[in-house]
There are 2 protein chains.
Amino acid sequence: MPRSTSSSSSKGGPVTLAMVARRAGVSPQTVSNALNSPDLLRPETLERVRHAIDVMGYRPSRAAQTLRTRSSKLIGYGVQPTPAGSATPVMDRFLHALSQAADEAGYRILLFACPPGGPTLDGYEELLGQHEVDGFVLSGTARQDPRQAWLAQRGVPFVGFGRMWSGRQIGDWVDVDGASGTDAAVEHLVALGHRRIAFLGWPRGSGVGDDRAEGWQRAMRRHGLPTRGRRAQSVDDIDSARSAIKPMLDAGVTAVVAASDMLALGCYHALRERESAPGRDVSVIGFDDSPTAAILSPTLSTIAQPMEAVGWECVRLLLARMADASAPPERVLLEPFLVVRDSTPAVHPGPSGPTTSTAAR
Amino acid sequence: MPRSTSSSSSKGGPVTLAMVARRAGVSPQTVSNALNSPDLLRPETLERVRHAIDVMGYRPSRAAQTLRTRSSKLIGYGVQPTPAGSATPVMDRFLHALSQAADEAGYRILLFACPPGGPTLDGYEELLGQHEVDGFVLSGTARQDPRQAWLAQRGVPFVGFGRMWSGRQIGDWVDVDGASGTDAAVEHLVALGHRRIAFLGWPRGSGVGDDRAEGWQRAMRRHGLPTRGRRAQSVDDIDSARSAIKPMLDAGVTAVVAASDMLALGCYHALRERESAPGRDVSVIGFDDSPTAAILSPTLSTIAQPMEAVGWECVRLLLARMADASAPPERVLLEPFLVVRDSTPAVHPGPSGPTTSTAAR
DNA sequence: TCTCAGCGTTAGATCGTTCCAATGACACTA
DNA sequence: TAGTGTCATTGGAACGATCTAACGCTGAGA
């Protein structure tokens, strides 16, 4: 393994295609072909060129490639600062998956700062104007997000993490099936013997929140369980959540499915206030698997979003879109998964007792 | 303000320097000068060129600039996935500040995936080989981090977020003064009337942990308070922390300064176990201001790291290094700040009572 | 009177790569 | 033998910017 990467520091500039060509006794174009269309070369020539490349530690210059091919192999991603204490707590996983998936396809992720307020188009325009990126990954796509339409209009490939909940769907996106998550949460609780299961969600109108509520509702109906009067709503704040869930606890629910870990924590507080214990007296399931969930006491069962998979899928869809701009839009809905912890113990000793034939223990 | 940015989509390719030159009635080079050294142009020519640039919506092509100047205006940053439940909870703030600061200087941040284990050099080598980046920002610099030496050896500009705790200092870095943070924590507690203040840290030998311990120690000494037998240690895990702090509580400490929020949470558990209440009976201060801190009950007072400032400083130092490779290394130590919450209430009704003249209220 | 530095601008070469059209060598059919 | 086609390779021209050296002219210093 020669791999003398030091050659770049041995003499003046870096190793160029022409230098490799001279050494291998071929023309520059042949070296280019050896890299981009190896099947055009005769095997022995290919071997010779490859050897020269290896010995000299040659790496093509991205700048020159970009200039010539008009493709930077860069994907733009706008980082927004976390608004407050919540949201995207696992962004690093997403970003890691994103760059890893990009890397494997020969792309890289280029960051740029999105202003804290709503996402503006300035940053996107600038990156495009300078032909710096081939496409974008959007995240935190809100309702009525102007970016999708703006990008679509000028034919820029993009993929969103998150559906558009209102208006016409534009472009490709990857999202997590919140309904499926809360559905699974209900399934889990029913299997543990619960029948009076409340849902603590956000005020109606937020797409994500309504989606999560819907999964709870459909699972309840499937099991013939009542949903009327079992649904509470609150903004994503502990104290609001605490008071919002009280009536449900008064009504004797034995389990709560919350639309976020923050809301679930509100349940914890409401329970403690009435000297009940989360987990022991009332089971609680959160959503998002925030870092906090694992260290609460009792540790919080929660629905986790497969952030790595989201990252991979974003890159996959984006590459497909860049390969074929006219392909029909692709939308991927990923399944979240339930992380069972201590807030949903296996034996449910609540007032109603187990009603299904779940094997205890 | 014409600013017809649509011109790039009106006809074939993008607007080039030559096109602007033709329109302004000057040579391409003059347009280049208008952008890079405006003082070379006669004011009227400058105005004419600028007008043409504006009307045509011209933006220089980064690829061409990079090819010619051999400077990509890109800064590399390796994203590591969060190891487990801990660390880098506020990475998005850091990244946002980083890209914003870079943007303002005409640079951008390029991500690449660092393997989960130790940081390898492969990624850095590849980015350098292709001349994709002008410098690096390193984070999570561990003791004996090989990257610093490797980069320094080949003259690549870099700046680390985090000191090197062992071995010779290499290159520029930005770090947060942990000792100053714990010092401030002790100051705060003393002002509230506490005198028996314990420190719960990590096992000796970790640079960061020892640094934080040192601040507690020096502040205690300054106030003539005893530190012997007041220092507990534990790995960053709730249960370990809980049992580690027990002896201190038995010894009657009225406040605990912890080296991390996780350890602080261990204190909470230890206190509850003995039917004491964090905040009411014993004050607790954590470190890092993780998202969890604000939602614990009682909410946890904690030392927050100025992540935005760290980001800015990283970029500042890196740019300085790129401008002058032979300048003496610069090291920046930023002050963390105390976020006062409910775990350190103003009135300390512990067994010893307030000893200083803090206004009760 | 002669030299020379400075003025704002320009022509031409250059960075390292890929695209396009054309090359020569070779085997195949007619 | 000439014609046709395929294959592997090549020369030259972009891509869009910046760098260097020089343009013709003016006014100051010798």
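Chain naming here is simple, since letters A, B, ... match the order of the sequence lines and numbering starts at 1 in each. None of these values were measured; they are calculated from a predicted model. Values below: all heavy atoms of this structure, side chains included; hydrogens, waters and symmetry mates excluded.
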**Prompt:** Name the one of B:Arg59, B:Arg108, B:Lys73 that satisfies salt bridge (charged side-chain N to carboxylate O under 4.0 Å, His left out) with A:Glu132?
**Reply:** B:Arg108

**Asked** Between the two end axes of the helix from C:dT1-D:dA30 to C:dA30-D:dT1, each built from 5 base pairs, what angle do you get to the nearest 10°?
**Response** 60°

**Message:** With side-chain contact (heavy atoms from CB on, under 4.5 Å) as the criterion, how do B:Thr120 and B:Cys114 come out once you've worked through the C-alpha distance, each side chain's angles and the decisive distance to 0.1 Å?
**Reply:** CA-CA 7 Å; B:Thr120 333; B:Cys114 268; over 6 Å; no

**Request:** Using the six-membered ring wherever Trp is involved, compare the ring planes of A:Phe161 and A:Phe94 and label them parallel, tilted or perpendicular (cut-offs 30° and 60°).
**Result:** tilted

**Message:** Is it the case that the base of C:dT9 and the side chain of B:Arg42 share a donor-acceptor contact (distance under 3.5 Å, atom types as modelled)?
**Reply:** no

**Asked** Salt bridge or not for A:Glu330 and A:Arg321, using N-O below 4.0 Å?
**Response** no

**Message:** Measuring to OP1 and OP2 of C:dG16, would you say a side-chain N or O of B:Arg70 lies under 4.0 angstrom away?
**Reply:** yes

**Carboxylate-amine/guanidinium contact B:Arg50 B:Glu47, below 4.0 Å** = no

**Message:** Counting only heavy atoms and a strict 4.0 angstrom limit, can you tell me which residues of residues 23-39 of chain B come near DNA chain C?
**Reply:** B:Val26, B:Ser27, B:Gln29, B:Thr30, B:Asn33

**Request:** Establish whether the base of C:dT18 is bridged to the side chain of A:Arg68 by a donor-acceptor pair shorter than 3.5 Å.
**Result:** yes

**Request:** Test A:Val20 against every option in A:Ile53, A:Val26, A:Thr30 by the side chain to side chain contact (heavy atoms under 4.5 Å, CB included) rule and name the one that passes.
**Result:** A:Ile53

**Item:** Euclidean distance, atom CD of residue B:Gln65 to atom C1' of C:dT14 [Å, nearest integer]
**Value:** 16 Å

